[in-house]
Amino acid sequence: MSDVRVGDELPTLEVPLTRTLIVAGAIASRDFQIVHHDPYAAVARGSQDIIMNILTTNGFVGRFVTDWAGPAARLRSVKLRLGAPNYPGDTMQMTGRVTALDGAITTVAVTGANQYGNHVVATVEVELPEGDRP
């Protein structure tokens with residue numbers, strides 16, 4: 001990672017949004033809100049189907065950056081905003097770009113989009129291992 005530069009693009013990650021993924025993410029993060037697992041209740045509350053919860057989204061943002069930065073990297077800060085919901089049957093395409101370098105800290109802008117628009121927009125600060133710092 002010693003050749004990291006501002007403007008570098010991260011490899012795109014395609015996330016198929018299955019019903020199982022959405023429900024399992026909610027259960028794993030102990031989010032038992034009905035809109036994350038019951039399609040009938042979700043529709044009754046105005047959604048077209050169940051929706052991915054924020055903790056699952058946060059996990060995908062972290063995975064996206066650490067897949068690029070490597071297993072020794074440490075996430076120092078994750079700031080995100082949700083937008084369009086992630087529904088089963090869609091695909092979330094994650095993209096990212098290095099926006100700043102400050103010593104050991106690399107800042108990455110992340111976007112996760114689906115057919116409805118941006119599901120998540122995030123800023124992640126990641127500390128690269130000592131030997132991998134730009």
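Heavy-atom basis, side chains included; hydrogens, waters and symmetry copies ignored.
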**Over 12 foreign heavy atoms within 6.0 Å of OH, Tyr40** = no
**Message:** Could you check whether any side-chain heavy atom of His37 comes within less than 4.5 Å of a side-chain heavy atom of Ile27, counting everything from C-beta outward?
**Reply:** no
**Request:** Assess the side chains of Asn114 and His119: does a donor N or O sit below 3.5 Å from an acceptor N or O?
**Result:** no
**Prompt:** Rounded to the nearest 0.5 Å, how far does CZ of Arg97 lie from OG1 of Thr111?
**Reply:** 9.0 Å
**Message:** Which heavy atom of Tyr116 sits nearest to which heavy atom of Pro85, and what is that distance?
**Reply:** CD1-O, 4.4 Å
**Asked** Can you tell me if Asp102 uses its side chain to pair, donor with acceptor, with the backbone of Ile105 under 3.5 Å?
**Response** no
**Request:** Check whether more than 12 heavy atoms from other residues, nucleotides or ligands sit under 6.0 Å from atom CZ of Arg74, and answer yes or no.
**Result:** no
**Request:** Taking all heavy atoms of Thr12 and all of Glu14, pick out the closest pair and write down the distance.
**Result:** CG2-OE2, 4.0 Å
**Message:** Using every non-hydrogen atom in the two residues, find where Ala73 and Val126 come nearest and quote the distance to one decimal.
**Reply:** CB-CG2, 3.7 Å
**Message:** Taking Leu10 as the starting point, is it possible to reach Val121 by hopping between hydrophobic residues whose side chains are less than 4.5 Å apart?
**Reply:** no
**Request:** Supply the atom-to-atom distance Leu128 CG to Thr106 OG1, rounded to the nearest 0.5 angstrom.
**Result:** 4.0 Å
**Prompt:** Just checking, any donor-acceptor pair under 3.5 angstrom between side chains of Thr57 and Asn86?
**Reply:** no
**Prompt:** Quick one: which of Ile22, Thr18, Val23 gives a side chain to side chain contact (heavy atoms under 4.5 Å, CB included) with Thr20?
**Reply:** Thr18
**Item:** Side chain to side chain, Phe60 and Leu21, heavy atoms closer than 4.5 Å
**Value:** yes
**Message:** Restricting to non-hydrogen atoms, name the atom on Ile50 and the atom on Pro88 that form the minimum distance, rounded to 0.1 Å.
**Reply:** O-CD, 3.4 Å
**Message:** Applying side chain to side chain contact (heavy atoms under 4.5 Å, CB included) to Val110 and Met94, what does each step give before you reach the verdict?
**Reply:** CA-CA 7 Å; Val110 175; Met94 301 193 74; 3.9 Å; yes
**Item:** Minimum-distance pair of heavy atoms, taken over all atoms of Met52 and Leu17
**Value:** CE-CD2, 3.5 Å
**Request:** To the nearest 0.5 Å, tell me how far Arg19 CZ sits from Asp49 CG.
**Result:** 4.0 Å
**Message:** Main chain of Phe64, side chain of Asp67: is a donor-acceptor contact present, judged purely on distance under 3.5 Å?
**Reply:** no
**Heavy-atom check, side chain of Val4 versus side chain of Trp68, under 4.5 Å** = yes
**Item:** Nearest heavy-atom neighbours spanning Val43 and Gln48
**Value:** CG2-O, 3.6 Å
**Prompt:** Honestly curious: do Val78 and Val15 fall in one hydrophobic cluster under the side-chain, below-4.5 Å linking rule?
**Reply:** yes
**Side chain to side chain, Ser29 and Asn53, heavy atoms closer than 4.5 Å** = yes
**Message:** Is it the case that the side chain of His36 and the backbone of Ile51 share a donor-acceptor pair, with hydrogens and angles ignored and the cut-off at 3.5 Å?
**Reply:** yes
**Request:** Show your reasoning for whether side chain to side chain contact (heavy atoms under 4.5 Å, CB included) applies to Ile54 and Leu80.
**Result:** CA-CA 9 Å; Ile54 191 169; Leu80 60 86; 3.8 Å; yes
